[in-house]
Amino acid sequence: MLTRWAVFVSGEGSNLQNILTLESEGELKSQSIELVVANKSCPAIEKAQRYSKNNVVVDFRNPEVWAELLEVLNQAKIDKIFLLGFMKIISSGFIRSWAKPIVNLHPSLLPQYKGLQAIERAFVAKEERMGVSLHEVVAELDSGPILKQAELWRIPGESLEVLTERFHKLEHKLVRDYLLDLDIRP
Ligand code: GAR
């Protein structure tokens, strides 16, 4: 059976691009990207359009939109939600009503550096060992069970920009490995 993903985004969408490429190259055997949801117009939503993906920009300042979004997801027969650079907190009411998996990508070795600007904070703290995490979303921020992690190490003298690029590359690999694993062990 095909797993139908909705991907939630907010910004550049390099992680969305990563999985759109994976899908378009025929690498995903039992999964499809059906819908892209953004909280504002952003480069990520343009990427979704370029790949002719159903997409929707939602104004989350209105709390009633969560109920409408649930309807949209159900209509599209979505099985799982993937948060790839989604910068809004998912309402706990939505998590309860949705009741199906929500997976979040976070740029730290959780439980370290929960919340915003995790890469910048780890850089400023001169952390030796850093990394990226995939975890299940629960009501408490960045706190659900860990699904997969990968680490990277500080290179002395490296700029924040270069470190951020290394984070993105590692994220792309982590997400790719995670999805390919799901094809083998759903
Ligand atoms: C990624 O680094 C992702 O881990 C992070 O936002 C970036 C999005 O990049 N997510 C969070 O910080 C979530 N708390 P992208 O738009 O290029 O995929």
Side-chain angles (χ1 to χ4, degrees), residues 5-24 27-28 31 33 35-51 53 55-58 60 69 80-92 94-95 98 101-125 127 129-155 158-180:
W5 286 99
V7 184
F8 286 26
V9 292
S10 295
E12 202 47 48
S14 75
N15 282 284
L16 173 65
Q17 178 66 61
N18 178 44
I19 65 169
L20 288 170
T21 305
L22 204 57
E23 184 183 48
S24 70
E27 298 271 357
L28 299 180
Q31 303 167 76
I33 303 160
L35 176 67
V36 177
V37 176
N39 60 316
K40 57 182 179 188
S41 49
C42 54
I45 212 85
E46 287 163 22
K47 291 181 169 78
Q49 287 160 355
R50 225 172 291 142
Y51 281 75
K53 293 295 176 188
N55 60 89
V56 55
V57 177
V58 178
F60 287 96
L69 181 58
K80 295 184 182 184
I81 296 173
F82 212 154
L83 309 181
L84 290 178
F86 186 63
M87 295 305 182
K88 285 269 156 199
I89 291 176
I90 304 280
S91 99
S92 53
F94 176 85
I95 295 172
W98 168 247
I102 308 178
V103 176
N104 182 40
L105 171 66
H106 187 76
S108 79
L109 284 179
L110 289 172
Q112 296 171 6
Y113 296 100
K114 295 179 182 180
L116 292 176
Q117 303 205 298
I119 303 175
E120 289 80 352
R121 286 183 287 132
F123 176 79
V124 168
E127 289 289 350
R129 179 174 170 266
M130 296 165 282
V132 296
S133 304
L134 285 171
H135 70 95
E136 286 172 31
V137 171
V138 295
E140 198 187 332
L141 182 71
D142 296 333
S143 296
I146 301 291
L147 298 165
K148 210 172 179 66
Q149 288 183 312
E151 62 183 23
L152 85 184
W153 293 81
R154 191 169 88 90
I155 299 175
E158 184 177 45
S159 67
L160 175 59
E161 289 66 32
V162 175
L163 175 65
T164 303
E165 259 172 52
R166 283 207 292 135
F167 262 88
H168 287 318
K169 280 209 180 110
L170 190 64
E171 289 179 334
H172 300 169
K173 181 177 184 321
L174 185 77
V175 169
R176 186 189 170 89
D177 290 350
Y178 170 67
L179 291 178
L180 295 182

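Atoms within a ligand are numbered from 1 in the order they appear, just like the ligands themselves. We use all heavy atoms of the structure for the numbers below, so side chains are in, but hydrogens, waters and symmetry mates are not. From a predicted model like this one, the values you see are computed outputs, not experimental measurements.
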Distance flag, aromatic centroids of Phe60 and Phe86, threshold under 6.0 Å | yes
Return the closest protein heavy atom for [atom] as residue, atom name and distance.
| atom | result |
| --- | --- |
| atom 9 (O) of ligand 1 | His168 CE1, 3.7 Å |
| atom 14 (N) of ligand 1 | His106 ND1, 3.3 Å |
| atom 10 (N) of ligand 1 | Met87 CE, 3.6 Å |
| atom 8 (C) of ligand 1 | Gly85 CA, 3.6 Å |

Sub-3.5 Å N/O-N/O distance, Asn15 and ligand 1 = yes
Which residue from Gln17, His172, Glu171, Lys114 reaches closest to atom 2 (O) of ligand 1 through any of its heavy atoms?
-> Glu171
Taking atom 17 (O) of ligand 1 as the point of reference, which of Ser14, Ser10, Gly115 owns the nearest heavy atom?
-> Ser14
Measure from the side-chain N and O atoms of Ser10 to the backbone N and O of Met87, and report whether any donor-acceptor pair falls under 3.5 Å.
-> yes
Counting N and O atoms only, with roles assigned by atom type, does the side chain of Lys80 sit under 3.5 Å from a partner on the main chain of Val103, one being a donor and the other an acceptor?
-> no
Report yes if some heavy atom in the side chain of [X] is under 4.5 Å from a heavy atom in the side chain of [Y]; otherwise report no.
| X | Y | result |
| --- | --- | --- |
| Tyr178 | Phe82 | yes |
| Arg166 | Leu170 | no |
| Glu127 | Arg154 | no |

With a 4.0 Å cut-off on heavy atoms, is Gln117 touching ligand 1?
-> no
Say whether Gly13 and ligand 1 are in contact under the criterion: heavy-atom distance to a ligand atom below 4.0 Å.
-> yes
Could you tell me whether Glu27 and Arg176 make a salt bridge, using a distance below 4.0 angstrom between a side-chain N and a carboxylate O?
-> yes
Residues His106, Glu171; criterion side-chain contact (heavy atoms from CB on, under 4.5 Å); working and verdict | CA-CA 9 Å; His106 187 76; Glu171 289 179 334; over 6 Å; no
Proximal ligand 1 atoms for Glu12, defined as those under 4.0 Å from one of its heavy atoms = 16 (O), 17 (O)
Pull out every atom of ligand 1 sitting under 4.0 Å from any heavy atom of Leu105, numbered as shown with elements.
-> 4 (O), 10 (N), 13 (C)
